[in-house]
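Written below as structure tokens is the structure these notes are about.
Just the heavy atoms: all of them, side chains too, but no hydrogens, waters or symmetry mates, feed the values below. All ligand and atom numbering here is 1-based and tracks the order in the structure. Residues take their numbers from the sequence shown, with the count starting at 1.
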Amino acid sequence: MAFQNFLLLFLVAACAFAVAYGKLSVNYYSSTCPKALSIIQAGVAAAIKNETRMGASLLRMHFHDCFVNGCDGSILLDDNATFIGEKTAVPNNNSIRGFNVIDDIKAKVEKACPGVVSCADIIALVARDSVVHLGGPSWEVGLGRRDSLTASRALANTSIPPPTSNLSALITSFSAQGLSLKNMVALSGSHTIGLSRCTSFRGHIYNSSNIDPSFAKSLRQICPRRGKDNVLEPLDRQTPTCFDNLYYKNLLQGKGLLHSDQELFNGSSADSLVRRYASNPYEFFKDFAKAMVKMSNIKPLTGSQGEVRKNCRKVN
Ligand code: HEM
Ligand SMILES: *[C@@H]1O[C@H](CO)[C@@H](O)[C@H](O)[C@H]1NC(C)=O
Ligand SMILES: *[C@@H]1O[C@H](CO)[C@@H](O)[C@H](O)[C@H]1NC(C)=O
Ligand SMILES: *[C@@H]1O[C@H](CO)[C@@H](O)[C@H](O)[C@H]1NC(C)=O
Ligand SMILES: *[C@@H]1O[C@H](CO)[C@@H](O)[C@H](O)[C@H]1NC(C)=O
Ligand SMILES: *[C@@H]1O[C@H](CO)[C@@H](O)[C@H](O)[C@H]1NC(C)=O
Ligand SMILES: *[C@@H]1O[C@H](CO)[C@@H](O)[C@H](O)[C@H]1NC(C)=O
Ligand SMILES: *[C@@H]1O[C@H](CO)[C@@H](O)[C@H](O)[C@H]1NC(C)=O
């Protein structure tokens, strides 16, 4: 009998452990807003149906939210006469997109359960649902993040690495968030989807030594030395709307679009990870999902910290 009780306790504890990620828990809304996850998933499917690039844009939004004071929805706050937010920080201005999609999803979730589901959790879920919708791996998203009352343009300027970064700068930036080299190389596989502006890869195609010459030449036709800053080019030319491991195969050929991409395969300790993910898509998927869980858990506000915003663009 005693042994059975012990066993039962053990099983309950094991289950509780399986659904909890730090302070967050997968079932956080299961009684307070049981429809939240399906509303969000449907919203992501509709947004990607309307514009295939949107899945990539939503994934990136989560990254840029989490790297600035944690995953707290701070990226969503609008600037106004008395408030400066993160939307106009260098890495985000004219670059981060999908704010209307978040607004639409938030409005639907608010209608179902007013004041319950945070904007920070919505971003974490849309990132996961976008990757799954485009053929990538899935993972369980711990929930219960609360929304920030503040934002930091200064920190957004400095915490999100620029595409001109060398490998040591990338390692420093990710390790400041508790993410390893392996996490960083796996998360960079996000560049298997989505687009980049000419201004983000110009330096690489005119000045880098480690780039396939014919690749550089063809990009110079699209992205001149001056002007056309906003011309778009897929980060993975072959399958820009499919979440696969071609990003790493491109790096093996010197065909990374951003300088920071090619830094991952340039004769360093990262080379072996790039080779591994290029030859084994399942290893990539597994490590990507693990790293996303870790990134999604960066410094969440929980309990009575922050708030659940009614409108993601504005503090209540
Ligand atoms: C390793 C450091 C990283 C650097 C330097 C970097 C830099 C960039 C840059 C410059 C762009 C193009 C933006 C533009 O021109 O408007 C971009 C796009 C993108 N990034 Fe990253 N990134 C990094 C890591 C990540 C991570 C960790 C994720 C997600 C987990 C991510 C997801 C994306 C996606 C999906 C796009 C395409 C967005 C779209 O089409 O709207 N990136 N990144
Ligand atoms: C659909 O995508 C277009 C851009 O391709 C955008 O202008 C429009 O607002 C989107 N509509 C909805 C309902 O999301
Ligand atoms: C953001 O981009 C807009 C449009 O290009 C520009 O007018 C504005 O000065 C930029 N803001 C910052 C803070 O760089
Ligand atoms: C962020 O960087 C931009 C461009 O360098 C600069 O104009 C702005 O003042 C910076 N903002 C803060 C708060 O550091
Ligand atoms: C990498 O970039 C950082 C920051 O720009 C710089 O201080 C450092 O010297 C660079 N390291 C190498 C090895 O080029
Ligand atoms: C390439 O490097 C040269 C010399 O350092 C510099 O003057 C130029 O601005 C760079 N071009 C780009 C597009 O980064
Ligand atoms: C690759 O390494 C070389 C030699 O250290 C360096 O000059 C170059 O900037 C690095 N990265 C790229 C993308 O060329
Ligand atoms: C400006 O934005 C801040 C942060 O969202 C908000 O607290 C404040 O009420 C806003 N001011 C106006 C006039 O909307």
> Does the pair Glu283 and Arg276 meet the rule for a salt bridge (charged side-chain N to carboxylate O under 4.0 Å, His left out), with working shown?
Replying inline: CA-CA 8 Å; Glu283 280 287 306; Arg276 175 132 62 108; 2.8 Å; yes

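- Ser208 and His259 make their closest contact through OG-ND1, 2.9 Å (heavy atoms, listed as atom of the first residue, atom of the second, distance).
- Per-residue contacts place Asn266 under 4.0 angstrom from the following atoms of ligand 7 (heavy atoms of the residue considered): 1 (C), 2 (O), 3 (C), 8 (C), 10 (C), 11 (N), 12 (C).
- When hydrogens are left out, the protein atom nearest atom 6 (C) of ligand 4 is Asn157 ND2, 4.2 Å; that is the closest non-hydrogen contact.
- At a distance under 4.0 Å, a protein heavy atom can be found next to atom 14 (O) of ligand 4.
- Between Asn210 and ligand 7, at least one N/O pair is under 3.5 Å apart.
- Among protein heavy atoms, atom 5 (O) of ligand 2 sits closest to Glu51 CG, 3.9 Å.
- Nearest heavy-atom pair, Leu257 versus Phe201, reported as atom, atom and distance to 0.1 Å: O-CB, 3.2 Å.
- Partner of Asp236 under the side chain to side chain contact (heavy atoms under 4.5 Å, CB included) criterion, out of Asp244, Ile193, Leu195: Asp244 alone.
- Between atom 3 (C) of ligand 2 and the options Ile48, Asn50, Asp103, the minimum heavy-atom separation is to Asn50.
- The aromatic ring centres of Phe174 and Phe67 sit less than 6.0 Å apart.
- Checking atom 9 (O) of ligand 2 against the protein gives no heavy-atom contact under 4.0 Å.
- Short contacts between ligand 4 and Val90, defined as distances under 4.0 Å to a heavy atom of the residue, involve ligand atoms 2 (O), 3 (C), 4 (C), 5 (O).
- A donor and an acceptor atom, one from each side chain of Ser148 and Arg309, are located under 3.5 Å apart.
- The nearest protein atom to atom 7 (O) of ligand 7, hydrogens excluded, is given as Ser209 OG, 3.7 Å; this is a heavy-atom distance.
- For an aromatic pair to be called close, the ring centres must be under 6.0 Å apart, and Phe288 with Phe243 satisfies this.
- The line from CG of Leu187 to NZ of Lys182 is 12.5 Å long, rounded to the nearest 0.5 Å.
- The nearest protein atom to atom 11 (N) of ligand 7, hydrogens excluded, is given as Glu263 OE2, 2.5 Å; this is a heavy-atom distance.
- For atom 12 (C) of ligand 7, the closest heavy atom belonging to the protein is His259 CE1, 3.4 Å.
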